[in-house]
Amino acid sequence: MKRLMYAGGIFISFLCFSQETKSEIKASFFDGIVVAGYVDHGAFINFTGPNISFKNKDFKLMLGMLPSLRIKEDRSEGTRNSPVMPTLGAGATVVYKNLALQVPVYYNTKTSSANGTWKAGIGLGYSFR
(Lines give C-alpha, C1' and ligand atoms only; values in the text may rest on other atoms or scores of the structure.)
Protein backbone atom coordinates (compact mmCIF):
# COMPACT_ATOMS: atom_id res chain seq x y z
CA MET A 1 0.00 0.00 0.00
CA LYS A 2 2.87 2.38 0.81
CA ARG A 3 4.37 1.82 -2.64
CA LEU A 4 1.05 2.61 -4.31
CA MET A 5 0.70 5.83 -2.29
CA TYR A 6 4.31 6.76 -3.10
CA ALA A 7 3.75 6.17 -6.84
CA GLY A 8 0.49 8.13 -6.69
CA GLY A 9 2.27 11.04 -4.97
CA ILE A 10 4.96 11.12 -7.65
CA PHE A 11 2.30 11.02 -10.40
CA ILE A 12 0.31 13.89 -8.83
CA SER A 13 3.44 16.00 -8.33
CA PHE A 14 4.38 15.38 -11.98
CA LEU A 15 0.94 16.60 -13.12
CA CYS A 16 1.18 19.69 -10.92
CA PHE A 17 4.65 20.50 -12.25
CA SER A 18 3.61 20.05 -15.89
CA GLN A 19 0.81 22.60 -15.46
CA GLU A 20 3.32 25.26 -14.40
CA THR A 21 5.46 25.12 -17.57
CA LYS A 22 2.75 26.32 -20.02
CA SER A 23 4.34 24.84 -23.15
CA GLU A 24 2.32 25.02 -26.33
CA ILE A 25 2.49 23.91 -29.93
CA LYS A 26 0.54 25.91 -32.50
CA ALA A 27 0.34 26.84 -36.16
CA SER A 28 0.17 30.45 -37.34
CA PHE A 29 0.41 32.53 -40.51
CA PHE A 30 2.48 35.43 -39.18
CA ASP A 31 4.41 35.97 -35.93
CA GLY A 32 5.61 39.57 -36.17
CA ILE A 33 9.30 38.74 -36.61
CA VAL A 34 11.66 40.50 -39.02
CA VAL A 35 15.07 38.95 -39.79
CA ALA A 36 18.07 40.10 -41.84
CA GLY A 37 21.05 37.92 -42.66
CA TYR A 38 23.57 36.39 -45.04
CA VAL A 39 23.14 33.63 -47.63
CA ASP A 40 25.07 32.65 -50.78
CA HIS A 41 27.33 35.75 -51.04
CA GLY A 42 24.35 38.07 -50.55
CA ALA A 43 21.82 39.24 -48.01
CA PHE A 44 18.18 38.57 -47.20
CA ILE A 45 15.37 40.27 -45.33
CA ASN A 46 12.32 38.25 -44.34
CA PHE A 47 9.20 38.24 -42.23
CA THR A 48 8.37 34.83 -40.85
CA GLY A 49 5.41 33.35 -42.68
CA PRO A 50 3.26 30.28 -42.11
CA ASN A 51 4.85 28.10 -39.43
CA ILE A 52 4.50 25.56 -36.68
CA SER A 53 5.93 26.68 -33.36
CA PHE A 54 6.74 25.30 -29.93
CA LYS A 55 6.74 27.83 -27.10
CA ASN A 56 7.96 27.38 -23.52
CA LYS A 57 8.12 30.53 -21.33
CA ASP A 58 10.46 33.03 -23.11
CA PHE A 59 11.80 30.46 -25.63
CA LYS A 60 10.14 29.72 -29.00
CA LEU A 61 11.20 27.37 -31.82
CA MET A 62 9.56 27.78 -35.24
CA LEU A 63 9.73 25.76 -38.47
CA GLY A 64 8.14 27.35 -41.49
CA MET A 65 8.12 29.26 -44.74
CA LEU A 66 10.02 32.54 -45.10
CA PRO A 67 8.76 35.09 -47.65
CA SER A 68 11.91 37.10 -48.37
CA LEU A 69 13.74 39.69 -50.39
CA ARG A 70 17.17 38.43 -51.44
CA ILE A 71 19.82 40.99 -52.24
CA LYS A 72 22.69 39.79 -54.42
CA GLU A 73 24.65 41.34 -57.27
CA ASP A 74 24.55 39.26 -60.46
CA ARG A 75 28.06 39.19 -61.92
CA SER A 76 27.32 37.03 -64.95
CA GLU A 77 28.15 38.03 -68.52
CA GLY A 78 25.41 39.44 -70.74
CA THR A 79 21.95 39.89 -69.32
CA ARG A 80 21.66 40.11 -65.54
CA ASN A 81 19.08 39.58 -62.83
CA SER A 82 17.86 42.38 -60.59
CA PRO A 83 19.95 42.77 -57.40
CA VAL A 84 16.75 42.58 -55.26
CA MET A 85 14.52 39.56 -55.87
CA PRO A 86 11.47 38.26 -54.00
CA THR A 87 11.81 34.61 -53.06
CA LEU A 88 10.43 32.00 -50.69
CA GLY A 89 12.67 30.15 -48.27
CA ALA A 90 12.14 27.66 -45.48
CA GLY A 91 13.88 27.19 -42.18
CA ALA A 92 14.08 27.26 -38.43
CA THR A 93 13.84 30.30 -36.19
CA VAL A 94 14.67 30.37 -32.49
CA VAL A 95 13.28 33.28 -30.47
CA TYR A 96 14.34 34.16 -26.94
CA LYS A 97 12.28 37.05 -25.54
CA ASN A 98 12.54 39.49 -28.51
CA LEU A 99 15.80 38.26 -30.11
CA ALA A 100 15.47 35.93 -33.10
CA LEU A 101 18.15 33.67 -34.62
CA GLN A 102 17.30 32.05 -37.95
CA VAL A 103 18.77 29.35 -40.18
CA PRO A 104 17.01 29.63 -43.56
CA VAL A 105 17.52 27.66 -46.77
CA TYR A 106 16.87 29.05 -50.24
CA TYR A 107 16.83 27.31 -53.60
CA ASN A 108 18.96 28.69 -56.45
CA THR A 109 17.48 27.60 -59.76
CA LYS A 110 19.45 25.89 -62.52
CA THR A 111 21.28 28.13 -64.97
CA SER A 112 23.24 27.40 -68.12
CA SER A 113 26.45 27.20 -66.08
CA ALA A 114 25.32 25.76 -62.70
CA ASN A 115 22.95 23.12 -61.33
CA GLY A 116 20.10 24.05 -59.00
CA THR A 117 21.19 23.93 -55.35
CA TRP A 118 19.92 24.67 -51.85
CA LYS A 119 21.91 27.32 -49.96
CA ALA A 120 21.78 27.71 -46.17
CA GLY A 121 22.21 31.03 -44.42
CA ILE A 122 22.13 32.65 -41.00
CA GLY A 123 20.17 35.64 -39.78
CA LEU A 124 19.44 37.76 -36.75
CA GLY A 125 16.18 39.55 -36.07
CA TYR A 126 13.61 41.04 -33.73
CA SER A 127 10.22 39.78 -32.57
CA PHE A 128 7.61 42.52 -32.14
CA ARG A 129 5.33 40.31 -30.01
May I ask whether Val94 and Val103 are part of the same hydrophobic cluster, defined by side-chain heavy atoms of I, L, V, M, F, W, Y residues being less than 4.5 angstrom apart, directly or through others?
-> no
Using the rule that two of Ile, Leu, Val, Met, Phe, Trp, Tyr join whenever any of their side-chain heavy atoms come within less than 4.5 Å, decide whether Val84 and Ile45 are in one cluster.
-> yes
State, to 0.1 Å, how close Lys72 and His41 come at their nearest heavy-atom pair, and which atoms those are.
-> CG-O, 4.0 Å
Specify the closest pair of heavy atoms between Ser127 and Lys97, including all atoms of both residues, with the distance to one decimal.
-> CB-O, 4.4 Å
Least distance between heavy atoms, Phe44 atom then Pro104 atom | CZ-CG, 3.6 Å
With the 4.5 Å side-chain cut-off for hydrophobic clustering, are Phe54 and Ile52 part of the same group?
-> yes
At what distance, to the nearest 0.5 angstrom, does CG of Asn51 lie from NZ of Lys60?
-> 6.5 Å
Scan side-chain atoms only and decide if Asn98 and Tyr126 contain a donor-acceptor pair under the 3.5 Å cut-off.
-> yes
Side-chain heavy atoms of Ser53 within contact of Lys55, under 4.5 Å = no
Distance-minimising heavy-atom pair for Val39 and Ala120 = CG2-O, 3.5 Å
Same apolar cluster: Phe29 and Phe47, side chain cutoff 4.5 Å = no
Is the shortest heavy-atom distance from the side chain of Val34 to the side chain of Phe128 under 4.5 Å?
-> yes
In one Ile/Leu/Val/Met/Phe/Trp/Tyr side-chain cluster, 4.5 Å: Tyr107, Val105 | yes
Side chain proximity check, Leu99 to Leu124, heavy atoms < 4.5 angstrom | yes
Apply the side chain to side chain donor-acceptor pair (under 3.5 Å) test between Arg70 and each candidate in Thr87, Asn108, Asn46; give the one that qualifies.
-> Asn108
